[in-house]
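When a ligand or atom number is given, it counts from 1 through the structure's own listing order.
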Amino acid sequence: MTGPKTRKIAAVIVAAGKGLRAGGEIPKQFQKIGRFTVAEWSLRAFARHPDISELVLVCPADGSVPADTERLGLNFVTVTGGKTRDQSVKQGIAAVSEGCTAILIHDAARPCVPSKVIDRVIDALSEAAGAAPALPVTDALWTGADHEVTGVQDRSGLFRAQTPQGFHADAIRAAHEAHPGEAADDVEVARAAGLSVTIVPGDECNLKITGPEDFARAAAYLEPQMDIRTGNGFDVHRFGEGDHVILCGVEIPHSRGLQGHSDADVGLHTITDAIYGALAEGDIGQHFPPSDPQWQGAASHIFLEHARDLATERGFTITHIDCTLICEFPKIGPHTSEMRAKLSELLRIEASRISVKATTSERLGFTGRGEGIACMATATLVAL
Ligand code: MG
């Protein structure tokens, strides 16, 4: 084998199982931890690794796919698995392109696999035909029956096996071809074909999601990968005829009104744009074209609610809004608590996470001359 940098390495993520022991209506690889499914977190772990050049996801035999290409922003090949684990792995291996010299086979149910564990497996493959992570058993081992200890088991030389299990591509292809089936894992298949498998240190955080409580443990390990986004918004509306303005959903009596294709709520428009900005989802004009007559005179909370729902759909929570209205008149100060309450209701977040403030522009510029109201806002969104 050549060095790891010139090697082409594929990762086969096995997500074909029923996985109903973890609880819930759907198999565990389809269940979400934060914004991604368990299978998607596993794909991400390998996609981020610089030595992995190809990703194959082995999906359940019913044709369902536990990962979404668009949500992930990753390229991967999907194949349909078989009735047993080794049939599924065989399908996955068959989808790996010819040029790959090594294949890492990973259980999708281990979404927290650290990069350093993948490193160790890959490094060991320059010396051995097979390598897999494991942890020595440190707890005392007993035998038991009917809630009673019946004996003590020697734990020396015992390991808890993890994945990814890595192999030279040709060797594992041949080993799977020759194997009769019903193996616990790929190390068993490889050893049956006479391959030697090196044990590299695994990691406690590379846990396998088995029971319902494992989702919370996995979420805790995945938290440092939190996605924090900020977006900014800016909008201006000019004054025209009228006897009130609507700012951040609150009607304020004034000698003039604001002009615009909707209700001209410059505050809500700006906050909406800040949320779209954080999501990299364009702007308000793109989602609600001014040329479309149905938005004529529309209440602007429709726009804000759309942005809020889009954030939820993408797995994000809006954690903070900071909004500054810029005008000489009307006076904003007396209305800010009502505005925060209104925004809290619309965004479904506590008012303590919403700031509304105002400034004048010292009688300078168009806001200073009282020609219109400007607004700027920052939105912070967080997703696990
Ligand atoms: Mg506007």
Side-chain angles (χ1 to χ4, degrees), residues 229-312 316 318 320-333 335-336 338-349 354-361 364-381:
R229 311 255 190 113
T230 56
N232 71 69
F234 179 75
D235 195 19
V236 173
H237 281 254
R238 73 166 67 232
F239 282 122
E241 294 298 305
D243 59 5
H244 70 276
V245 295
I246 299 173
L247 295 173
C248 296
V250 174
E251 192 176 311
I252 302 169
H254 190 50
S255 55
R256 319 204 65 194
L258 286 174
Q259 294 181 340
H261 78 290
S262 61
D263 65 5
D265 188 332
V266 66
L268 290 194
H269 293 186
T270 304
I271 295 168
T272 302
D273 264 352
I275 297 169
Y276 286 139
L279 295 169
E281 278 287 348
D283 59 27
I284 202 167
Q286 220 169 295
H287 295 280
F288 301 93
S291 54
D292 188 335
Q294 67 169 310
W295 312 122
Q296 197 70 45
S300 296
H301 65 81
I302 297 170
F303 313 144
L304 187 65
E305 284 160 347
H306 177 263
R308 175 202 69 197
D309 291 346
L310 197 58
T312 309
F316 284 89
I318 300 165
H320 187 251
I321 297 288
D322 185 18
C323 173
T324 305
L325 289 154
I326 307 160
C327 58
E328 304 290 330
F329 294 103
K331 287 292 169 208
I332 304 298
H335 305 283
T336 52
E338 199 187 339
M339 290 175 179
R340 291 174 66 211
K342 186 73 194 168
L343 288 167
S344 161
E345 184 190 316
L346 289 172
L347 292 168
R348 297 178 186 153
I349 61 174
I354 300 166
S355 145
V356 177
K357 53 201 195 300
T359 184
T360 70
S361 55
L364 298 172
F366 67 88
T367 52
R369 291 189 299 270
E371 294 166 5
I373 299 182
C375 184
M376 49 197 284
T378 302
T380 306
L381 275 60

Checking the side chain of Asp283 only, and the main-chain atoms of Asp273 only, is there a donor and an acceptor separated by less than 3.5 Å? no

When you measure from the side chain of Arg229 to the backbone N and O of Leu381, does any donor-acceptor pair fall under 3.5 Å? no

Can you name the N/O/S atom of His269 that is nearest the Mg ion (ligand 1)? ND1

Looking only at N, O or S atoms, which one in His237 sits nearest to the Mg ion (ligand 1)? NE2

Would you say the Mg ion (ligand 1) has Asp235 as a near neighbour, meaning an N/O/S atom of that residue under 2.8 Å away? yes

Pairing donors with acceptors under 3.5 angstrom, does anything connect the side chains of His269 and Ser262? yes

Residue pair His320 / Asp322, side-chain donor-acceptor N/O under 3.5 Å: no

